[in-house]
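One structure is given below, encoded as structure tokens.
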Protein chains: 2
Amino acid sequence: MDDMADTVSEALPRDFEALRALILDRREGLPKRIAQVAAYALDNPDEIAFGTAASIANSAGVQPSTLIRFAQHLGYDGFTSLQQVFRERLRERTTSYEERLTVVRGEADDGTSNRRIVDGFLAAASKSIDVMSRNLDDETLDRAIDLLNGAETIYILARRRSYPVASYIAYALGKLGVRSQLIESASGLSPEIISFANSRDAVIAISFSPYASATVEEARILSANNVPVIAITDSAFSPLAQFAKVWFEVAEADFGGFRSLAATMALAMGLTVGVAELRRGRKGKKSANSKG
Amino acid sequence: MDDMADTVSEALPRDFEALRALILDRREGLPKRIAQVAAYALDNPDEIAFGTAASIANSAGVQPSTLIRFAQHLGYDGFTSLQQVFRERLRERTTSYEERLTVVRGEADDGTSNRRIVDGFLAAASKSIDVMSRNLDDETLDRAIDLLNGAETIYILARRRSYPVASYIAYALGKLGVRSQLIESASGLSPEIISFANSRDAVIAISFSPYASATVEEARILSANNVPVIAITDSAFSPLAQFAKVWFEVAEADFGGFRSLAATMALAMGLTVGVAELRRGRKGKKSANSKG
DNA sequence: GCGAAAATGGAACATACGGTTCATTTTATT
DNA sequence: AATAAAATGAACCGTATGTTCCATTTTCGC
């Protein structure tokens with residue numbers, strides 16, 4: 001009788017991620033139309049959450065009854081209970097920061113103003129991250145990491161507002177066993193340090209408008225010495241973008257005149273760990289450089 | 001007849017923020033029950049998006065028909081069209097990073113792995129920010145800023161992973177005209193610098209597990225010398241939490257063993273700008289210290 | 001305090017919804 | 001190729017939904 005393990009006995013996914021995993025797990029053994037619905041559901045979760053069985057079925061190119069069968073195949077007792085999972089997913093998303101900020105801004109300027117300031121910075125960070133995740137180009141990233149992978153020493157160049165990023169990169173590279181050199185003004189030795197760099201090295205230069213003159217000047221010198229420059233900056237008009245081999249455009253949101261560093265930090269960590277990953281074990285062979 | 005400007009002529013809000021503004025604008029002139037619904041709608045937008053007219057009416061303590069009247073008062077032709085706006089709001093929220101990351105992780109380990117790493121850090125940053133915005137205590141924040149406001153010099157204490165945050169605080173305080181002193185190891189002068197601090201100053205100490213011994217030790221000394229310590233750390237068991245006047249618990253998500261700094265950075269900026277705001281013009285009088 | 005107008009509660013209604021059923025087609029097995 | 005089993009399409013049904021209607025209450029102007 002119970003030839004198959006009764007699916008009911010397994011705990012039914014109540015949250016979307018578990019459901020997603022379940023669907024992907026069973027994808028192979030699913031009938032054609034059911035699989036069609038499964039694919040549609042994962043691609044258009046919002047539609048499932050809000051649509052009616054009829055409208056969804058229409059969009060997915062199946063009969064409404066197939067939706068019910070799909071739900072039942074997974075162990076739910078009907079389309080409605082499956083839909084709950086898709087709705088819960090939207091419910092559980094934390095309120096977006098832009099929205100939260102708008103709300104906060106509308107309130108009176110009372111004792112909670114400190115909280116408003118922090119919320120502002122959280123919102124700026126969140127927005128910066130959003131933008132980066134949409135705009136970051138995979139190929140640029142691959143090329144940058146490829147360059148860094150080939151470098152004997154990675155020089156890190158940043159001042160003022162960008163300096164925290166540089167110091168974090170230096171710290172992380174150190175922990176990951178990648179040779180690096182942080183160029184800072186305090187020691188007064190930057191000219192000497194820079195003169196050691198050659199074409200087998202690489203530079204990560206970070207600067208945003210108004211560009212620190214020392215960063216720009218030193219990057220220019222390094223570039224003239226054939227040291228490949230990877231720039232993290234804010235626009236195509238940045239002086240850094242002009243002589244960089246690879247450059248990233250990072251749009252950081254600001255609050256109260258102070259720009260976030262969140263996206264830059266994440267990118268910096270990505271570059272750092274990306275290089276380390278490449279060097280650990282699969283050196284070179286996984287080069288993403290499409291031209292070879 | 002058309003004694004009132006016919007509401008239909010105004011463009012009906014299609015997005016939530018506009019609707020929100022419209023409701024707040026008309027709040028005054030709304031009948032009691034309608035106003036009750038309006039308040040409920042702004043407080044529980046998710047309920048409006050997902051619930052049925054009956055369930056919402058029940059939760060809001062009104063009759064279902066009142067919901068339709070509410071919608072019609074605003075110019076919509078029924079509850080359903082109003083509900084669309086609340087649903088659109090959920091639809092338009094950007095996909096959460098946790099979800100995006102899970103998706104990315106499920107894919108094959110092909111050439112996009114660099115992107116996956118950056119996405120990982122973006123996700124970690126985003127999550128950290130979410131958590132902070134939920135957990136940050138307003139009163140703790142107010143007390144910390146109050147303490148900093150009273151300080152002659154603000155000392156900043158952090159090493160290793162936390163050092164970038166410290167350097168950013170120092171940079172920002174400098175730009176805002178607040179006297180501060182960054183304590184770092186490079187100069188070898190930390191003991192001397194620390195000995196200058198007294199009870200009229202304050203310290204921001206930042207350290208996460210595994211706590212840098214220098215940070216802990218120096219914070220201990222400063223605390224013993226009656227310099228108020230504001231700590232940013234990761235748990236109540238942190239050595240910093242023990243002798244801090246005020247301390248923040250910041251839970252940073254990590255990716256690949258590297259923890260994010262996003263939430264700590266935002267908090268740091270909040271403290272920094274919070275102090276500057278307080279000092280600019282409304283010095284002292286706006287103290288949020290509830291006890292006075 | 002009276003009368004008109006607006007607001008409210010609650011029942012009644014038409015409909016659109018999810019679910020079921022069954023005939024037909026497709027797939028798998030022998 | 002024949003048969004059984006599974007999958008699919010499409011019509012059908014009961015129900016729960018949004019909406020409307022009307023009696024009652026409340027509010028406001030005079």
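All values below come from the heavy atoms of this structure, side chains included, with hydrogens, waters and symmetry mates left out. Order of the sequence lines fixes the chain letters, A, B, ..., with proteins taken first and strands second; residue numbering starts at 1 for each chain.
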Evaluate the side-chain proximity of B:Tyr40 to B:Val62: yes if any heavy-atom separation is below 4.5 Å, no if none is.
no
Does some side-chain heavy atom of B:Asp137 sit less than 4.5 Å from a side-chain heavy atom of B:Phe248?
no
Would you kindly give the CZ-to-P distance between A:Phe70 and C:dG19, to the nearest whole Å?
14 Å
Atom CZ of B:Phe79 and atom P of C:dA14 are separated, to the nearest Å, by 22 Å
Could you check how far NZ of A:Lys32 sits from C1' of D:dT8, rounded to whole Å?
10 Å
Using five base pairs at each end to define the local axes, how bent is the helix from C:dG1-D:dC30 to C:dT30-D:dA1, to the nearest 10°?
40°
Donor-acceptor under 3.5 Å (A:Ser128 side chain, A:Ala253 main chain)
yes
Side chain of B:Pro31 - closest among C:dG19, C:dA7, D:dT19:
C:dA7
Rounded off to whole Å, could you give me the CG-to-C1' distance for the B:Asn58 and C:dG9 pair?
14 Å
How close or far is atom P of D:dG9 from atom CD1 of A:Ile34, stated in whole angstroms?
10 Å
Rounded off to whole Å, could you give me the CG-to-C1' distance for the B:Leu30 and D:dT27 pair?
15 Å
Starting at atom CG of A:Asp77, determine the distance to atom P of C:dT20, rounded to an integer number of angstrom.
9 Å
Parallel, tilted or perpendicular: which describes the rings of B:Phe50 and A:Phe50, with under 30° parallel and over 60° perpendicular?
parallel
State plainly whether the residues A:Arg259 and A:Asp234 are in salt-bridge range, i.e. N to O under 4.0 Å.
yes
I need the residues from residues 61-69 of chain B with at least one non-hydrogen atom less than 4.0 Å from DNA chain D; give them sorted by number, or say none.
B:Ser65, B:Ile68, B:Arg69
Can any side-chain N or O of A:Gln83 pair as donor or acceptor with the backbone N or O of A:Gly51 at less than 3.5 Å?
yes
Within the 4.5 Å heavy-atom criterion, are B:Glu88 and B:Val85 side-chain neighbours or not?
no
Mark yes or no for whether B:Glu252, through its side chain, and B:Ala263, through its backbone, hold a donor-acceptor pair below 3.5 Å.
yes
Rounded to whole Å, CZ of A:Arg33 lies from P of C:dT27 at a distance of 10 Å
Does a side-chain N-to-carboxylate-O contact under 4.0 Å join A:Arg89 and A:Asp46?
yes
Of C:dG19, C:dT20, C:dT8, the nucleotide closest to the side chain of A:Gln72 is C:dT20
